[in-house]
Number of protein chains: 2
Amino acid sequence: MGVMTTRAESAAATRRALLDAAAELLDLGGPEAVTLREVGARAGVTRGAPYRHFTGKDSLLTAVAAESWERIGDQVHALRTDPALSASEKLRGALRALIDVGRNQPHLYQVLFRRRANLPGQLGDGMDRIRRQLCGPEGDPAVADRAAERFQDEFLDIVAALAGERNARHYGALLLTSAHGIAGMELSGHLDTDKWHTTVDELVDTLVRMVTDAGEMT
Amino acid sequence: MGVMTTRAESAAATRRALLDAAAELLDLGGPEAVTLREVGARAGVTRGAPYRHFTGKDSLLTAVAAESWERIGDQVHALRTDPALSASEKLRGALRALIDVGRNQPHLYQVLFRRRANLPGQLGDGMDRIRRQLCGPEGDPAVADRAAERFQDEFLDIVAALAGERNARHYGALLLTSAHGIAGMELSGHLDTDKWHTTVDELVDTLVRMVTDAGEMT
DNA sequence: GTAGCCAAGGTGACAACGTCATCTGAAACT
DNA sequence: AGTTTCAGATGACGTTGTCACCTTGGCTAC
């Protein structure tokens, strides 16, 4: 932990600080609250500095989302490879992992599932080359997509171990979308447990039981 | 369709135009694109005029959401009371109604399920009285909540007719959250039909079949 | 009918924000 | 040592939400 001297170290530290500050502000007040000026201030730099690491605010938020996807992917991977857990426990854990993000970091969760705005190409300028240059081999959204896809693959493996390879994809999609819906409706306040006479845990249990039964009878 | 003379008519027309313009801009470019200035311009007034009808941008978007909820509620009500449809067709139609909003008006859909920001009270100023005064008997969010709840009630009745009163609430919650999740994941681009070897229609069919079978064996 | 009232709407102003162009200084390279 | 490169600082500009203040033309009380 020596004093930073090399330029690469300094830049990496700044990028790290920017991401941390952005994530913190996102948790506190949503995307509106994550101001490039405030992000820079918390990272010890000024307003324009983030543009040396990200193409703009959107790119910064996408990078935060990418890191979160990687974290969730690691979490589900750990569940899948844990020999102490049964197949249904792994599935329940994976679903809960996603839902818990929605509970504990609702603003981040919305960024994770935010609308893909960038249709590929279309603007044939030299912009693409610049963006590639700034954000590494390829743009940030591609990184986020890969991280999200890794999570989905880990999740798919868990489902396959429970419901068989045949129906894994169909049931996997059903389970994943359902969990996402549970998280989203609870997050938006539209899941009144008094009105529906049920809880998030009950819903998750029902989902797990459904696919478990279906897997057995295949 | 006489020329507007009375003040009430003029104000009502302006409010209507503001809502329409806001809805149009929302569809085109999302909440960021719905600018009070542009909304006013399209409604034939200037930037500050909307503040005579809504407390601010948030209030305007909430009012748009409320009208959309009422529309969806009417749609599901029509399905429920249509004697030409079977119970499962009604259910499928209701689920599709929600998902179709996500497909055709993705930005509006996100506003419908956006996070409730306003915790009640907290700011004990006279602001509450002013807001009540501006938006009628009570604030806009309450209107939106009531409209959303009416939709849920209509939906719940459809489920009850299919799965019985006993499990209606539990299955209703499962179906509604699942449909919301399907819409949300498709909207965010995380539902790759090639990857999951399934389509939205298949997922909806599976959901309907599930609750149909469960209702029969009860 | 006329004088006053009142709310819808117009206008100016302000702070905050995203973004870009330009500048600076120090590390990295030859 | 001289040059290049790039993280970061700074100034500036356009846009937006919001408020305070003003104007005007229907509405109401006499």
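Quantities reported herein were computed from a predicted structural model and do not represent experimental measurements. The sequence lines fix the lettering, A, B, ..., with proteins before strands; numbering per chain opens at 1.
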Could you check how far CG of A/L61 sits from C1' of C/dT19, rounded to whole Å? 15 Å

How about A/I158 and A/E154: do any of their side-chain heavy atoms sit closer than 4.5 Å? no

Has B/K57 got a side-chain atom pairing as donor or acceptor with B/P31's backbone, closer than 3.5 angstrom? yes

Quick one, B/L176 and A/H190 - any side-chain contact, counting heavy atoms below 4.5 Å? no

Separation of atom CG in B/L25 from atom P in D/dT16, rounded to whole Å: 11 Å

Whole-Å distance separating the CD atom of A/E38 from the C1' atom of C/dG18: 15 Å

Using a 4.0 Å heavy-atom cut-off, does B/V34 contact any base of the nucleic acid, only the sugar-phosphate backbone, or nothing at all? sugar-phosphate

State whether A/Y51 places a side-chain N or O below 4.0 Å from either non-bridging phosphate oxygen (OP1 or OP2) of C/dT19. yes

Under a 3.5 Å threshold, yes or no: a donor from one side chain and an acceptor from the other, between A/T35 and A/R47? no

For atom CD of B/E9 and atom P of C/dG9, their distance in whole Å: 13 Å

Going 5' to 3' along nucleotides 10-16 of chain C, which nucleotides have protein heavy atoms under 4.0 Å from the base (write B), which only from the sugar-phosphate (write S), and which from neither (write -)? SBBB---

Atom NZ of B/K57 and atom C1' of D/dT18: how far apart are they, to the nearest Å? 12 Å

Please tell me if B/H53 has a side-chain N or O lying less than 4.0 Å from either OP1 or OP2 of C/dA7. no

For the side chain of A/L36, counting heavy atoms from C-beta on, which of C/dG9, D/dC27, C/dG18 is nearest? C/dG18

Specify the separation, in whole Å, of atom CG of B/D58 and atom P of D/dC19. 12 Å

Could you tell me if the side chain of B/E89 sits less than 4.5 Å from the side chain of B/D82, heavy atoms only? no

Pair A/H53-A/T14, side-chain donor/acceptor within less than 3.5 Å: no

Rounded distance in Å - CZ (B/F54) to P (D/dT18): 13 Å

Given side chains that start at C-beta, do those of A/R146 and A/V143 come closer than 4.5 Å, heavy atoms only? yes

